[in-house]
Enquirer: 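A single structure is presented below for examination.
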Amino acid sequence: MELELEPLRLPSDNQRPFVIAGPCSAETEEQVLTTAHQLKEKGCHNFRAGVWKPRTKPGGFEGNGEVALPWLQQVKKETGMLVATEVATPEHVELAMKYGIDILWIGARTSANPFAMQALADAMKGINVPVFVKNPVNPDLELWIGAMERLNQAGVKRLGAIHRGFSSYDKKIYRNLPMWQIPIELRRRIPQLPIISDPSHIGGRRELIAPLCQQAMDLGFDGLIVESHHNPDSAWSDAKQQVTPDVLDYILSLLVIRDESVTTEGITQLRHQIDELDNQLMDLLAKRMRVCREIGQYKKEHNMTVLQTNRYNEILEKRGAQGALCGMAPSFVAQVFEHIHEESVRQQIEIINQ
């Protein structure tokens, strides 16, 4: 289905991308107000703070709940900023509306649960505030879109998406893998949907926030949601991924915002070259698959197994080294040939089973 969307109409500085900033958690009234005033002095228009903070394991700080909502009211009164918080249950929605919260977002664990999303959608009928939906913890675009469709069917039309990366078991540089191809595909599928990036949760470390912000801007994202705390090292949750308002202001001041609407004859010519090279790639792949099918026929006639592990390892090693010499990441080359090999095996199995 197509989403029926209305403009978000949220304040922003024309010299910078749209930004929502504030601490991971609303810890104390003093902490919330101090951070809010510092952000306001740096030109921030939209303040965020987590009121309900269920953690992966029990025992840590899980938010102050309703107690913290008057603090956000006070931020709004004293600074004029719009205030935002996460909601995960119908009760959260009811309380957020009671205290005049301007912007809501739905977290990754909630967006992964269709039952929870339907309960939230039912609770949001009749409200007219912007609602942002974070991607599910697992890399499932259909689940992400489905979560937004449920809200949209309930009448929520001021919708946006938050890209916060995807969980992975393996150790890695990022807390959550960006997997940029997923929000890029979301943009292709629903071009009118605003998408903002959450570099704090993608990176998990404050030194990664600046390059992730720039990468999001280079990909044409509409804005950012960044965790900022007046004293990050003392934060009660996610201390390592928060930055001070001063540091956030410096990061934003260095961003290069590119104009995606500008086209020139030069880039048009280069795109023609890309199209021609893509055609050649498809032709070469078709030829490679024809040879693979001939190999499949040979294996069938000689009662050989389809999968020859030593040969597969040889291909990955040779092509990975060749890719590195050509300026390509070995991991990229490995992924390409893994997919090519998968299709080759599929076609050979068809030959053998005929």
Side-chain angles (χ1 to χ4, degrees), residues 8 10-27 31-50 75 79-86 103 105 108 132 134-135 160-166 172-180 183-184 187 194-260:
L8 291 175
L10 296 177
S12 62
D13 186 337
N14 290 334
Q15 303 302 315
R16 290 181 175 178
F18 168 76
V19 177
I20 302 173
C24 173
S25 303
E27 301 162 0
Q31 169 251 4
V32 167
L33 291 173
T34 299
T35 304
H37 279 284
Q38 290 183 9
L39 286 167
K40 178 63 177 179
E41 289 173 2
K42 299 301 181 181
C44 184
H45 299 280
N46 309 284
F47 181 80
R48 58 142 291 157
V75 167
T79 69
M81 288 192 289
L82 299 185
V83 292
T85 199
E86 178 181 349
I103 304 166
W105 82 81
F132 288 89
K134 288 194 173 185
N135 63 256
I162 298 176
H163 170 235
R164 51 80 78 186
F166 302 90
K172 53 202 178 300
I173 183 173
Y174 299 115
R175 176 180 176 180
N176 294 302
L177 295 176
M179 301 183 73
W180 297 104
I184 289 171
R187 172 55 53 82
I195 304 176
I196 66 176
S197 182
D198 180 351
S200 304
H201 280 89
I202 294 174
R205 305 202 310 272
R206 58 181 65 113
E207 63 267 25
L208 295 175
I209 291 177
L212 284 167
C213 286
Q214 185 60 62
Q215 190 162 2
M217 294 300 98
D218 291 344
L219 291 172
F221 280 44
D222 299 284
L224 304 163
I225 180 167
V226 186
E227 291 186 350
S228 179
H229 191 296
H230 75 94
N231 185 10
D233 290 332
S234 68
W236 296 1
S237 59
D238 289 345
K240 293 181 180 180
Q241 67 189 40
Q242 300 190 65
V243 295
T244 65
D246 280 340
V247 170
L248 176 59
D249 181 60
Y250 180 67
I251 290 172
L252 297 176
S253 72
L254 295 178
L255 287 180
V256 177
I257 311 301
R258 309 185 194 282
D259 190 342
E260 65 177 65

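Just the heavy atoms: all of them, side chains too, but no hydrogens, waters or symmetry mates, feed the values below.
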Enquirer: How long is the span from the CD atom in Gln215 to the CZ atom in Phe221, to the nearest 0.5 Å?
Expert: 8.5 Å
Enquirer: Of the options Val32, Asp246, Thr34, which is the one that meets His230 in a side chain to side chain contact (heavy atoms under 4.5 Å, CB included)?
Expert: Thr34
Enquirer: Walk me through whether Phe132 and Ile20 qualify under side-chain contact (heavy atoms from CB on, under 4.5 Å).
Expert: CA-CA 11 Å; Phe132 288 89; Ile20 302 173; 4.2 Å; yes
Enquirer: Grab the two heavy atoms, one from Met81 and one from Val75, that are nearest each other, plus how far apart they are.
Expert: CE-CG1, 4.2 Å
Enquirer: For the backbone of Ala108 and the side chain of Asn135, can you confirm whether one donor and one acceptor N or O come within less than 3.5 Å of each other?
Expert: no
Enquirer: Hey, which of Gln38, Gln241, Glu27 is the one that makes side-chain hydrogen bond (donor to acceptor under 3.5 Å, both in side chains) with His229?
Expert: Glu27
Enquirer: If we only count heavy atoms from C-beta on, is the Thr244 to Pro232 side-chain gap below 4.5 Å?
Expert: yes
Enquirer: Using a 4.5 Å cut-off on heavy atoms from C-beta on, say whether the side chain of Cys24 contacts that of Gln242.
Expert: yes
Enquirer: How far apart are the closest heavy atoms of Pro23 and Phe47, and which atoms are they?
Expert: CD-CZ, 3.5 Å
Enquirer: Say you draw a straight line from CG of Leu82 to NE2 of His45; how long is it, rounded to the nearest 0.5 Å?
Expert: 10.0 Å
Enquirer: With no hydrogens and no angle check, is any side-chain donor or acceptor of Arg206 less than 3.5 Å from a backbone partner on Ala239?
Expert: yes
Enquirer: If I compare all heavy atoms of Ile225 with all of Pro199, which pair ends up nearest, and what's the gap?
Expert: O-CD, 3.5 Å
Enquirer: What verdict does the side-chain contact (heavy atoms from CB on, under 4.5 Å) test give for Leu39 and Ser228, after you've listed the backbone C-alpha separation in whole Å, the side-chain angles of each residue and the deciding distance to 0.1 Å?
Expert: CA-CA 8 Å; Leu39 286 167; Ser228 179; 3.7 Å; yes
Enquirer: Run the salt-bridge test on Glu227 and Arg48 with the 4.0 Å N-O cut-off and return the result as yes or no.
Expert: yes
Enquirer: How long is the straight-line distance from CG of Asn176 back to CG of Asp198, given to the nearest 0.5 Å?
Expert: 8.5 Å
Enquirer: About how many Å separate CD1 of Ile195 and CG of Asp222, when rounded to the nearest 0.5 Å?
Expert: 7.0 Å
Enquirer: Starting at CG of Asn46, measure out to CD1 of Ile103 and round the result to the nearest 0.5 Å.
Expert: 4.5 Å
Enquirer: If you round to the nearest 0.5 Å, how far is CG of Leu33 from CD of Gln31?
Expert: 9.0 Å
Enquirer: Kindly determine whether Ser197 and Leu212 satisfy side-chain contact (heavy atoms from CB on, under 4.5 Å), including the steps that lead there.
Expert: CA-CA 8 Å; Ser197 182; Leu212 284 167; 5.8 Å; no
Enquirer: What's the shortest heavy-atom distance between Met217 and Gly223, and which atoms?
Expert: CE-O, 4.0 Å
Enquirer: Can you say whether the rings of His163 and Trp180 are parallel (under 30°), tilted (30 to 60°) or perpendicular (over 60°)?
Expert: tilted
Enquirer: Between Ser200 (side chain) and Val226 (backbone), is there a donor-acceptor pair under 3.5 Å?
Expert: no
Enquirer: Considering non-hydrogen atoms only, spot the tightest contact between Lys42 and Asp249 and give its length.
Expert: O-OD1, 3.6 Å
Enquirer: Should Lys134 and His201 be marked as a side-chain contact (heavy atoms from CB on, under 4.5 Å) after you check the CA-CA gap, both sets of side-chain angles, and the distance that decides it?
Expert: CA-CA 11 Å; Lys134 288 194 173 185; His201 280 89; 3.7 Å; yes
